[in-house]
*Asks:* 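If you scroll down you'll find the structure; I have some questions about it.
So that the names make sense, note that chain A is the first sequence line, chain B the second, and so on, each numbered from 1. This one's a predicted model, so the numbers in the text were calculated from it and none came from an experiment.
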Amino acid sequence: MSGGTHIKQLTVISGKGGTGKTTLVAAFASLAKNAVLADCDVDAADLHLILKPEILERQDFTGLRQAEIDGQKCTGCGKCREHCRFGAIGEDFVVIQDRCEGCGVCRLVCPAGAVRLEERKAGEAYLSRTRFGPMSHAELEPGGEASGKLVSLVIANAQKLADNEGRDLIIIDGPPGTGCPVIASIGGSDLALVITEPSLSGIHDMERVLAVCEHFRVPAAVCINKHDINDTNTCAVEIWCKSKGLEVAGKIPYAEVTTRAMIAQKTVIEFDEGGIGRDVAALWSKVLDRLGA
Amino acid sequence: MIVSVASGKGGTGKTTVAVSLALAAASSRPDRVQLLDCDVEEPNCNLLLGMNLETAEEVNLGVPAIDKTKCDFCGKCADFCNYHALAVLPSDVIVFSELCHGCGGCMLLCPKGAIGEKTRTVGTIQRGRKDGLELYQGLLNIGEAVAVPVIKALKRKIDSGRLVILDSSPGAACPVVETIRGSDLCLLVTEPTPFGLHDLKIAVTVARKLNVPFGVVINRDGIGDGRVDDWCKDEKIPVLMRIPNSLEVARLYSKGIPPVLGMPDLNDRFIELLKAVEGRA
């Protein structure tokens with residue numbers, strides 16, 4: 001809640017990667033009247049490739065702290081290695097940075113006071129402007145940790161943008177999977193739109209990520225993308241959703257035009273309004289109904 | 001030899017490549033090949049393989065158990081915990097187990113010896129075997145945030161005397177690092193589109209950071225533009241295989257049939273890939 005009006009949050013997730021989350025979020029950006037866009041797939045962010053944001057403000061993101069051992073003070077007693085549960089103390093008592101989870105146990109047990117915990121830049125967050133409105137996004141350093149924490153920062157920035165500019169909806173492009181960045185992306189959302197495809201893995205992954213939504217009590221709806229790849233499986237998804245009381249908000253056909261739109265750095269609404277754009281617009285109006293927006 | 005399969009972008013065909021390579025290898029040397037599904041948030045290999053899986057082990061983390069008869073609520077444990085997994089109130093201690101990384105620090109420092117350890121199950125390791133191929137898959141429990149402990153447990157099943165193929169999750173964050181670390185070769189599967197190229201570049205950065213040798217597999221070859229090829233050429237990155245864009249591949253995959261089983265030409269390409277991979281050992 002902010003300023004007395006509730007800013008609605010829509011998160012687009014999928015479980016399985018590559019089902020079309022970003023393509024659809026970019027299209028929603030085209031269609032939304034008063035929204036902020038947020039890219040929460042922080043370790044492989046692609047939405048900016050279509051929306052081409054102009055960055056207005058940059059923030060450094062510090063993830064977990066990391067241990068550093070002062071070789072001058074270290075006596076080589078081995079207590080840190082004995083107690084580190086992450087196998088992060090390497091040969092010659094140099095910390096293996098990508099294994100260190102910043103817990104501080106090494107500093108706790110070091111009798112020589114040789115360990116410090118250092119803040120470390122793990123990415124950048126951006127506040128930007130696009131042709132469809134304000135955008136919050138980020139870049140995690142490749143191989144970085146604490147992606148969930150960076151997702152939370154992107155959402156907080158999006159809420160700030162929505163507040164400042166009087167926007168009433170945040171559209172979040174979520175990450176694949178079911179782990180910490182997904183959990184951070186759906187927290188506080190009014191609706192999770194799960195994009196699936198009618199493959200056995202698409203269905204399996206959809207069911208798992210819907211279970212995550214249920215676990216965290218986030219309302220969900222389903223969209224079947226590339227539905228004509230396998231009509232039998234599409235039908236199975238529809239029956240399954242009905243049995244669970246889940247709305248299938250849209251079905252989008254397979255279309256290579258989506259790749260051409262991507263290469264042209266355009267949304268499918270801009271690129272093919274009368275074709276696949278029409279199916280996406282129908283989906284969007286169902287989603288708005290669901291959000292009560 | 002350990003070969004990991006990663007991508008940056010999701011849905012580029014990691015699982016298809018990992019399973020097809022494993023099948024090609026197992027048919028020429030049964031019982032000498034392991035496939036580990038390290039995408040523990042969304043494991044899909046067995047949807048193509050259809051093995052009967054049995055639970056091999058549960059993955060447990062040690063989380064704090066507070067003995068409130070000994071605790072004097074001094075708050076040192078909560079001050080120490082960098083993950084905010086403990087909150088100390090005037091007459092109570094709350095443990096947020098799902099935030100705990102299991103470092104054991106609170107147990108070490110408690111002046112009253114009031115913190116013991118209990119185990120919490122965060123996932124399982126399952127095992128199957130069929131036609132000379134051994135599969136292990138990790139499965140992160142629903143609602144759990146941290147995949148890395150499950151991937152670590154899974155990688156302890158590696159028999160390094162065999163050809164071991166690891167199927168990674170998408171992205172470039174900690175689960176991917178944990179999967180590809182220590183591989184002899186990483187296959188980066190991409191598609192020739194702007195998203196594919198952008199995320200390939202991130203994945204290449206991760207592989208370089210970890211000093212893991214790598215090569216590229218271009219899937220859906222022909223669907224997009226030539227920028228992935230151009231970039232690989234500029235960076236002197238070997239393109240080890242191309243899978244032509246084909247609706248037939250997508251249709252077979254959607255039914256849970258490894259596309260190599262329905263397309264002999266494709267199987268030949270994977271036999272070639274296997275040779276190329278082993279040539280790099």
*Asks:* Test side-chain contact (heavy atoms from CB on, under 4.5 Å) on Ile50(A) and Phe195(B); report intermediate values, then the result.
*Replies:* CA-CA 10 Å; Ile50(A) 306 296; Phe195(B) 290 2; 3.8 Å; yes
*Asks:* With a 4.5 Å cut-off on heavy-atom pairs, point out which of Gly87(A), Gly20(A), Gly177(A) contacts chain B the most.
*Replies:*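 Top option by heavy-atom pairs under 4.5 Å: Gly177(A).
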*Asks:* Going from OG on Ser201(A) to CG on Leu48(B), what distance comes out if it is rounded to the nearest 0.5 angstrom?
*Replies:*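 Atom-to-atom, Ser201(A):OG and Leu48(B):CG are 7.0 Å apart.
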*Asks:* Could you check which of Ser147(A), Gly144(A), Ala184(A) has the highest count of heavy-atom pairs closer than 4.5 Å to chain B?
*Replies:*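 Option with the top pair count is Gly144(A).
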*Asks:* Using a 3.5 Å distance criterion without hydrogens, assess whether the side chain of Lys209(B) forms a donor-acceptor pair with backbone atoms of Pro142(A).
*Replies:*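 Yes; at least one donor-acceptor contact below 3.5 Å.
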*Asks:* For Asn245(B), is it the side chain, the backbone, both, or neither that has a heavy atom closer than 4.5 Å to a heavy atom of chain A?
*Replies:*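 When you check distances to chain A, only side chain atoms of Asn245(B) fall under 4.5 Å.
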*Asks:* Counting only heavy atoms closer than 4.5 Å, note whether Ile223(B) contacts chain A via side chain, backbone, both or neither.
*Replies:*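 Both the backbone and the side chain of Ile223(B) come within 4.5 Å of chain A.
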*Asks:* Report which part of Asn233(A) has an atom under 4.5 Å of a heavy atom belonging to chain B: side chain, backbone, both, or neither.
*Replies:*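 Just its side chain gets close to chain B.
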*Asks:* For Lys255(B) versus Leu200(A), what's the shortest heavy-atom pair and its separation?
*Replies:*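 Closest heavy-atom pair between Lys255(B) and Leu200(A): O-CD1, 3.4 Å.
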*Asks:* List the steps, then state whether side-chain contact (heavy atoms from CB on, under 4.5 Å) holds for Asp43(A) with Ile202(B).
*Replies:* CA-CA 8 Å; Asp43(A) 54 320; Ile202(B) 297 172; over 6 Å; no
*Asks:* If you tally heavy-atom pairs under 4.5 Å against chain A, which of Pro175(B), Pro43(B), Ser7(B), Ala207(B) wins?
*Replies:*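 The candidate making the most pairs under 4.5 Å is Pro43(B).
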*Asks:* Determine the option with the most heavy-atom pairs under 4.5 angstrom with chain A, choosing from Lys9(B), Lys152(B), Glu98(B).
*Replies:*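 Greatest number of close heavy-atom pairs with chain A: Lys152(B).
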*Asks:* Heavy-atom distances under 4.5 Å only: say whether Val204(B) touches chain A with side chain, backbone, both or neither.
*Replies:*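 Interface part for Val204(B): neither.
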*Asks:* Given that the side chain runs from C-beta out, which part of Leu210(B) has a heavy atom under 4.5 Å from chain A: side chain, backbone, both or neither?
*Replies:*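 For Leu210(B), the side chain is the part near chain A, not the backbone.
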*Asks:* Measure distances from Arg220(B) to the heavy atoms of chain A and classify the residue's part below 4.5 Å as side chain, backbone, both or neither.
*Replies:*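 Neither part; nothing is under 4.5 Å.
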*Asks:* Over all heavy atoms of both residues, which pair between Leu108(A) and Gly105(B) is shortest? Give the atoms and the distance, please.
*Replies:*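 So the two residues come closest at CD2-O, 3.7 Å.
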*Asks:* Would you mind checking which part of Ala45(A) comes under 4.5 Å of any heavy atom in chain B, side chain (CB onward), backbone (N, CA, C, O), both or neither?
*Replies:*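 Looking at Ala45(A), just its backbone touches chain B.
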*Asks:* In terms of heavy-atom contacts, does CD of Glu141(A) have more than 12 from other residues, nucleotides or ligands at under 6.0 Å?
*Replies:*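 Correct, the count exceeds 12.
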*Asks:* On a heavy-atom basis, which atom in Val105(A) and which in Phe80(B) lie closest, and how many Å separate them?
*Replies:*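 Closest heavy-atom pair between Val105(A) and Phe80(B): N-CZ, 3.7 Å.
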*Asks:* Please classify the contact between Gln265(A) and chain B as side chain, backbone, both or neither, with a heavy-atom cut-off of under 4.5 Å.
*Replies:*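 For Gln265(A), neither part sits under 4.5 Å from chain B.
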*Asks:* Counting only heavy atoms closer than 4.5 Å, note whether Phe86(A) contacts chain B via side chain, backbone, both or neither.
*Replies:*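 Both parts, heavy atoms under 4.5 Å.
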*Asks:* Which heavy atom in Phe216(A) sits nearest to a heavy atom in Gly143(B), and how many Å separate them?
*Replies:*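 Heavy atoms only, the tightest pair is CZ-O, 3.7 Å.
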*Asks:* Is the CD atom of Glu207(A) crowded by more than 12 outside heavy atoms at less than 6.0 Å?
*Replies:*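 Above 12, so yes.
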*Asks:* What part of Arg65(A) gets closer than 4.5 Å to chain B, counting heavy atoms only: side chain, backbone, both or neither?
*Replies:*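 The answer is the side chain of Arg65(A).
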*Asks:* State whether the number of non-hydrogen atoms from other residues, nucleotides or ligands found under 6.0 Å of Asp231(A) atom CG is greater than 12.
*Replies:*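 Enclosed: over 12 neighbouring heavy atoms sit under 6.0 Å from CG of Asp231(A).
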*Asks:* So for Pro149(B), is it side chain, backbone, both, or neither that comes closer than 4.5 Å to the heavy atoms of chain A?
*Replies:*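 No part of Pro149(B) comes within 4.5 Å of chain A.
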*Asks:* Evaluate whether atom CZ of Arg81(A) has more than 12 neighbouring non-hydrogen atoms of other residues, nucleotides or ligands under 6.0 angstrom away.
*Replies:*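 Atom CZ in Arg81(A) is crowded, with more than 12 foreign heavy atoms closer than 6.0 Å.
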*Asks:* Can you tell which of Gly143(A), Ser14(A), Cys103(A) has the highest number of heavy-atom pairs within less than 4.5 Å of chain B?
*Replies:*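 Option with the greatest count: Cys103(A).
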*Asks:* Between Leu140(A) and chain B, with a heavy-atom cut-off of 4.5 Å, which part of the residue counts as in contact: side chain, backbone, both or neither?
*Replies:*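 Side chain of Leu140(A) only, per the 4.5 Å heavy-atom cut-off to chain B.
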*Asks:* Quick check on Val209(A) against chain B: is it the side chain, the backbone, both or neither that has a heavy atom closer than 4.5 Å?
*Replies:*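 Its backbone and side chain both get close to chain B.
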*Asks:* Select, from Asp39(B), Val40(B), Asn44(B), Leu140(B), the one with the greatest count of heavy-atom pairs under 4.5 Å involving chain A.
*Replies:*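 It is Asn44(B).
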*Asks:* Output yes when a side-chain donor or acceptor of Arg208(A) lies under 3.5 Å from a complementary backbone atom of Glu41(B), and no otherwise.
*Replies:*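 Confirmed, Arg208(A) side chain pairs with Glu41(B) backbone.
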*Asks:* Return the option, out of Ile142(B), Thr12(B), Leu108(B), with the maximum number of heavy-atom pairs under 4.5 Å with chain A.
*Replies:*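 Ranked by contacts with chain A, first place is Ile142(B).
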*Asks:* In a check of side-chain contact (heavy atoms from CB on, under 4.5 Å) between Glu42(B) and each of His204(A), Lys16(A), Met206(A), which one passes?
*Replies:*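 Result: among His204(A), Lys16(A), Met206(A), His204(A) is the only option passing the side-chain contact (heavy atoms from CB on, under 4.5 Å) with Glu42(B).
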*Asks:* Is it true that atom CD of Glu235(B) has more than 12 heavy atoms of other residues, nucleotides or ligands lying nearer than 6.0 Å?
*Replies:*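 Counting neighbours around CD of Glu235(B), more than 12 heavy atoms of other residues, nucleotides or ligands fall under 6.0 Å, so yes.
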*Asks:* Over all heavy atoms of both residues, which pair between Ile263(A) and Arg227(B) is shortest? Give the atoms and the distance, please.
*Replies:*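 Looks like CG2-NH2, 4.0 Å.
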*Asks:* Could you check which of Lys21(A), His48(A), Arg107(A) has the highest count of heavy-atom pairs closer than 4.5 Å to chain B?
*Replies:*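 Most heavy-atom pairs within the cutoff with chain B belong to His48(A).
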*Asks:* Is there side-chain contact between Asp199(B) and Asp46(A), with at least one heavy-atom pair below 4.5 Å?
*Replies:*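 Counting from C-beta outward, Asp199(B) and Asp46(A) do come under 4.5 Å.
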*Asks:* In terms of heavy-atom pairs under 4.5 Å, which option from Asp41(A), Leu49(A), Leu64(A) contacts chain B the most?
*Replies:*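 Maximum pair count with chain B is reached by Leu49(A).
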*Asks:* Below 4.5 Å from any heavy atom of chain A, which atoms of Lys14(B) appear? Answer side chain, backbone, both or neither.
*Replies:*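 Interface part for Lys14(B): neither.
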*Asks:* Side chain, backbone, both or neither: which part of Ala173(B) has a heavy atom under 4.5 Å from chain A?
*Replies:*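 Both the backbone and the side chain of Ala173(B) come within 4.5 Å of chain A.
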*Asks:* Would you mind checking which part of Ile183(A) comes under 4.5 Å of any heavy atom in chain B, side chain (CB onward), backbone (N, CA, C, O), both or neither?
*Replies:*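 It is the side chain, since no backbone atom gets that close.
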*Asks:* Out of Ser169(B), Ala203(B), Gly102(B), Ala250(B), which one racks up the most heavy-atom pairs below 4.5 Å with chain A?
*Replies:*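 Option with the top pair count is Gly102(B).
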*Asks:* Checking Glu256(A) against chain B: side chain, backbone, both or neither under 4.5 Å from a heavy atom?
*Replies:*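 Looking at Glu256(A), just its side chain touches chain B.
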*Asks:* Where does Leu117(A) contact chain B at under 4.5 Å (heavy atoms): side chain, backbone, both or neither?
*Replies:*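 Only the side chain of Leu117(A) comes within 4.5 Å of chain B.
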*Asks:* Show the nearest heavy-atom pair for residues Glu101(A) and Tyr83(B), with the distance to one decimal.
*Replies:*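 For Glu101(A) versus Tyr83(B), the nearest heavy atoms are O-OH, 2.6 Å.
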*Asks:* Applying side-chain contact (heavy atoms from CB on, under 4.5 Å) between Ser254(B) and each of Thr234(A), Thr232(A), Asn230(A), report the one that passes.
*Replies:*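 Result: among Thr234(A), Thr232(A), Asn230(A), Asn230(A) is the only option passing the side-chain contact (heavy atoms from CB on, under 4.5 Å) with Ser254(B).
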